[in-house]
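First the structure, which I've put down as structure tokens, then a few questions once you've had a look.
Throughout, protein chains are lettered first and strands after them, A, B, ... in sequence-line order, and every chain is numbered starting at 1. Since we're looking at a predicted model, the values are computed, not measured. Just the heavy atoms: all of them, side chains too, but no hydrogens, waters or symmetry mates, feed the values below.
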There are 2 protein chains.
Amino acid sequence: MILFWTRGYAGTSLKDIEAALDMRPGSIYAAFGSKEKLFRSALTLYAERSRTALSETLSEAASPLEGLADHVRKLGRALAAPTQTKACMLMKTMLESSDNERVLRDAAEDMMRQTEAAFRDAFQAARDAGQIPADRDPVRLASRLQSEVLGLRAYAQRSDAPGRIEDLSEDIARDLEALATCFR
Amino acid sequence: MILFWTRGYAGTSLKDIEAALDMRPGSIYAAFGSKEKLFRSALTLYAERSRTALSETLSEAASPLEGLADHVRKLGRALAAPTQTKACMLMKTMLESSDNERVLRDAAEDMMRQTEAAFRDAFQAARDAGQIPADRDPVRLASRLQSEVLGLRAYAQRSDAPGRIEDLSEDIARDLEALATCFR
DNA sequence: TATATGCTTGAGCGATCGTTCAAGTAAAGC
DNA sequence: GCTTTACTTGAACGATCGCTCAAGCATATA
């Protein structure tokens, strides 16, 4: 999965996959069917893990809004560590897929919408709990947060990012919390 | 340029370029040297145009901060229109480039830093003019804005984005202006 | 031990990649 | 009209792409 994540769909050759899985082409095709199917399962795995991480952070937090802020701060800490790739795999897939790979694009979009729906539910819960003003639209807040996270992760890909990422994620988290404080 | 922008470096084949320029391979190589050099000049052209657009918007605005807010709103309007590609070409290049294309990655990063420097100068000017609080760091604000713009443009790539983009850019622009209003 | 079964192997398929270069074409100078 | 010069052409190169399949291997069953 990490291979596809870092190099993308078209950028990963079967040679790379053979080496990573220590399998020969025949076995790979017997097990996964095609490069595209293998990529899609990698994409699904990525999305599931992301969703799990988010829901765990949300459930551990004292409130939905703090949960979202925690999520952003955790992300910032993760992105400050040196890893192969930082940017969101769904975003990378969406950006690299052309028309003849529309299936992948659509799949990535769908999964991204699921994440955004989780954000929306959290904002909705925060509003129901009176933590944020009633005139705030959870859908709009969710797309804003989605966009901020995409931006943060894309920015993190820059080689000079490590020193700025924690400030960035802290700013985003503070803005989330400010939704509550401006209401008191 | 648009071809490279939409499909990326590796995703654009010489066949595509031949068709787009109505030139045969020999002429292309005589004129540009290599696919990589052609891509780099496309990247440079893109960055120059972006920079020009930004500086024009800034110079037309009543104040640096309003200039930045205008820039974001203009971007939102542009992204709401149906175009081939929305996401920033520098970001796409940064994300798709692997280690064997490090030259492209570095070039894209450099150009992105120039944009960010322009943001920083505008924030600095706003602070010097007393428009934003003195304890605000222009560098930090600039990286935040850079990240927000990257996020906005990546989000705009989604097929269901058109309806949300203007809200998103409006939210970002308001947050910029709030740097001033919270100071009054 | 002989046979059947399921999995792995890697040579090789046709297609496409970026790139080159001998040959062809067109305009300029004499 | 002939030569020179500058530019264009497209066939073809080696490399690599995703993928296939006859052959080989190892284990289970008889």
Original post:
Given atom CD1 of B:I17 and atom P of C:dT19, what is their separation to the nearest angstrom?
Top reply: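 Taking atom P of C:dT19 as the reference, CD1 of B:I17 is at 9 Å.
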Subject >> For atom CG of B:D22 and atom P of D:dG10, their distance in whole Å >> reply: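 The answer, rounded to whole Å, is 10 Å.
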Original post:
So, is the end of the B:R127 side chain (NZ or CZ) under 6.0 Å from the ring centre of B:F123 and within 45° of the ring's axis?
Top reply: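 No, B:R127 and B:F123 do not form such a contact.
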Original post:
Taking atom P of D:dC19 as reference, at what distance in whole Å does atom CE of A:M23 sit?
Top reply: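 In whole Å, D:dC19 P and A:M23 CE are 15 Å from each other.
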**OP:** Give a yes or no answer on whether the side chain of B:E109 reaches the backbone of A:S159 with a donor-acceptor pair at less than 3.5 Å.
**Re:**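 Yes; judged by distance alone, with no hydrogens or angles, the pair exists.
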**OP:** Kindly compute the distance separating CZ (B:R164) from OG (A:S143), expressed to the nearest 0.5 Å.
**Re:**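 Interatomic distance, B:R164 CZ to A:S143 OG, rounded to 0.5 Å: 6.5 Å.
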**OP:** Calculate the interatomic distance between B:N100 atom CG and D:dA15 atom P; express it in whole Å.
**Re:**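 Taking CG of B:N100 and P of D:dA15, I get 17 Å after rounding.
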**OP:** Taking only the side-chain heavy atoms of B:P25 (C-beta and beyond), determine which of D:dT20, D:dT8, C:dT20 contains the nearest atom.
**Re:**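 The listed nucleotide nearest to B:P25's side chain is C:dT20.
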Original post:
Is it true that A:E18 and A:R24 have a side-chain N and a carboxylate O under 4.0 angstrom from each other?
Top reply: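 Answer for the salt bridge query: no.
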**OP:** Would you mind reading off the distance between B:E18 atom CD and D:dG10 atom P, rounded to a whole angstrom?
**Re:**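 Taking atom P of D:dG10 as the reference, CD of B:E18 is at 10 Å.
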Original post:
For A:R24 and C:dG6, what is the distance between atoms CZ and P respectively, to the nearest whole Å?
Top reply: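 Answer to the nearest Å: 23 Å.
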Output a table of nitrogen or oxygen pairs between the protein and nucleotides 15-18 of chain C separated by less than 3.5 Å.
| unit_1 | atom_1 | unit_2 | atom_2 | d |
| --- | --- | --- | --- | --- |
| C:dG18 | OP1 | B:T12 | O | 3.2 |
| C:dG18 | OP1 | B:K35 | NZ | 2.6 |
| C:dG18 | OP2 | B:L14 | N | 2.7 |

**OP:** Indicate yes or no: does B:E148 engage B:R144 in a salt bridge with an N to O separation below 4.0 Å.
**Re:**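 Yes, charged N to carboxylate O under 4.0 Å.
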Original post:
A:I28 CD1 to C:dG10 C1': how many Å, rounded?
Top reply: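 A:I28 atom CD1 is separated from C:dG10 atom C1' by 12 Å.
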**OP:** Examine the side chains of B:Q84 and B:T6 and answer whether a donor and an acceptor come within less than 3.5 Å of each other.
**Re:**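 There is no such pair (donor and acceptor under 3.5 Å, judged by atom type) between the side chains of B:Q84 and B:T6.
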**OP:** Return the value, rounded to whole Å, for the distance between atom CG of A:L38 and atom P of D:dG18.
**Re:**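 Distance, rounded to whole Å: 11 Å.
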